[in-house]
Amino acid sequence: MSKKLNIEPINNWIKKESDPLIISGPCSAETYDQLFETCKQLKSHGISLMRAGVWKPRTRPGTFEGNGEDALKWISEIKKELDVQFAVEVANTNHIDLSLKYGIDILWIGARTTVNPFSVQEIADAIKGTDTPILVKNPINPDLSLWMGALERINKAGITKLGAIHRGFSMTGSSKYRYVPLWKIAIDLKSNLPNLPVICDPSHICGNRDMIFETSQKALDLGYDGLIIESHIDPDNAWSDAKQQVTPEVLSKMKSDLKVKSSNEDDKSYNHLLNEIRESIDEVDKEIVDIIAKRIGLVEKIGEFKKETDLTTFQVDRWNEIFKSRLDWAIEKGLDKDFIEDLYKVIHLGSINVQNKIINRKKANFKI
Ligand code: PEP
Ligand code: MN
């Protein structure tokens with residue numbers, strides 16, 4: 001699916017002062033004092049790559065939409081004063097021109113911009129010929145191609161200091177998350193673009209501060225390259241995203257409690273064991289494919305039978321029975337119920353497709 005992108009390793013363009021890499025700072029730069037104090041405290045906890053919203057993409061008008069150029073002036077003063085770096089969200093040519101004028105170190109493209117190829121192309125054209133690192137947030141909707149397309153546009157403009165931010169997706173229905181993570185999409189991104197740095201944004205995924213630690217740990221366990229976490233000196237009174245911001249102190253505690261596991265498998269004493277387990281998994285997977293082929297063979301027989309007897313492919317009673325008994329078996333084995341439920345929905349849909357093909361093929365033959 002992917003064209004290979006020309007991407008520099010993240011260590012070339014973000015100084016990693018701690019493991020995990022953490023970018024932090026307020027959702028919005030509200031006042032000089034709020035920004036300065038937050039950054040000062042972060043710096044005292046060993047974090048010197050800050051984030052701050054300068055232009056805020058708010059869903060409804062009439063709410064705080066950022067301080068624009070004034071905030072950039074504060075940032076450029078604070079950069080000198082505290083010797084820190086800043087990442088800022090940009091959405092158009094004007095934002096880029098101003099950010100570069102005030103010496104912003106890293107730019108990111110927000111979720112509401114990644115959805116729009118015209119806007120992403122405008123940004124790509126404006127950034128062409130510069131050496132500015134760019135991070136591309138996932139689009140609001142769960143569309144991997146749109147996310148990859150945005151990364152390709154920026155890379156085609158010659159930006160090689162390029163990474164992605166996973167901030168979750170807007171979904172209908174209720175969820176404990178503000179933006180549902182759908183981890184599989186980020187994993188698919190990584191498998192299409194293995195050299196792409198991917199950073200997790202647990203603040204926007206969770207929408208509340210209580211789940212940030214566990215979500216951050218999950219991202220690290222999945223091999224993410226870093227985290228971007230919103231922090232504020234007075235989170236409850238923040239002008240945007242108040243529920244999900246944490247104090248620099250809480251952030252520092254999280255940073256020391258998070259465990260970074262090694263993704264480098266070379267030269268490890270456990271390599272031998274790991275390979276052995278992987279060989280067994282290969283064997284089991286082969287068995288799974290054989291068993292699926294056997295099941296499809298049986299499904300085909302039923303398809304022929306249904307054709308002869310004019311039965312419909314989908315029979316609700318049989319489906320309910322399959323569903324219930326398989327879930328009972330899975331629970332007995334201590335397996336995750338939701339996982340088996342999803343698996344059987346896919347298997348059942350596959351079976352219906354096979355049967356439909358048989359029935360339609362025979363109808364076509366009959367006509368001839
Ligand atoms: C933000 O980072 O504050 C922001 C607006 O993010 P997103 O684009 O993920 O909504
Ligand atoms: Mn925010």
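Counting starts at 1 for both ligands and their atoms, in listed order.
A salt bridge is defined here as a Lys NZ or Arg NE, NH1 or NH2 lying under 4.0 Å from an Asp or Glu carboxylate O, and E152 with K156 fails to meet this definition. Comment: R278 does not engage D285 in a salt bridge, judged by the lack of any side-chain N to carboxylate O separation of less than 4.0 angstrom. Remark: D328 engages K324 in a salt bridge, criterion side-chain N to carboxylate O under 4.0 Å. Salt bridge present: R318 and E321 bring a charged side-chain N and a carboxylate O closer than 4.0 Å. For the pair K79 and D105, the salt-bridge criterion is met [side-chain N within less than 4.0 Å of a carboxylate O]. Taking 4.0 Å as the cut-off between side-chain N and carboxylate O, D290 and R295 do not count as a salt-bridged pair. Salt-bridge annotation for K101 and D97: absent, with no side-chain N of the basic residue lying under 4.0 Å from a carboxylate O of the acidic one.
A cation-pi arrangement is not found for R58 relative to F64, the charged atom failing to lie both closer than 6.0 Å to the ring centre and inside a 45° cone about the ring normal.
Between the NE2 atom of H204 and the SG atom of C27, the angle taken at the Mn ion (ligand 2) works out to 170° after rounding to 10°.
Residue, atom and distance of the protein heavy atom nearest to atom 4 (C) of ligand 1 are H204 NE2, 3.6 Å. The protein atom (non-hydrogen) at minimum distance from atom 7 (P) of ligand 1 is K137 NZ, 3.4 Å. What sits closest to atom 8 (O) of ligand 1 on the protein, heavy atoms only, is A111 N, 2.9 Å.
Using a 4.0 Å cut-off to heavy atoms of R167, the atoms of ligand 1 that qualify are 7 (P), 9 (O), 10 (O). Listed by number with element, the atoms of ligand 1 under 4.0 Å from a non-hydrogen atom of G110 are 8 (O). Those atoms of ligand 1 that come under 4.0 Å of a heavy atom in K56, given as number and element, are 1 (C), 3 (O), 5 (C). The atoms of ligand 1 that sit less than 4.0 Å from any heavy atom of W108 are 2 (O). If you number the atoms of ligand 1 from 1 as listed, the ones under 4.0 Å from a heavy atom of R51 come out as 1 (C), 2 (O), 3 (O). Listed by number with element, the atoms of ligand 1 under 4.0 Å from a non-hydrogen atom of R112 are 7 (P), 8 (O), 10 (O).
Between E230, E89, Q244, it is E89 that holds the heavy atom closest to atom 5 (C) of ligand 1.
By the criterion of a heavy-atom distance under 4.0 Å, neither the backbone nor the side chain of Y179 is placed next to ligand 1.
Across K137, Q244, R167, a single residue satisfies side chain to side chain donor-acceptor pair (under 3.5 Å) together with D201, and that is K137. Test H204, K56, H232 against D241 for side chain to side chain donor-acceptor pair (under 3.5 Å) and you get one pass: H204.
Of all N, O or S atoms in D241, the one lying closest to the Mn ion (ligand 2) is OD2. Per residue E230, closest N, O or S atom to the Mn ion (ligand 2): atom name OE2.
Ligand 1 has no N or O atom lying under 3.5 Å from any N or O atom of D201, backbone or side chain.
Look at C27 and you'll find a heavy atom under 4.0 Å from some atom of ligand 1.
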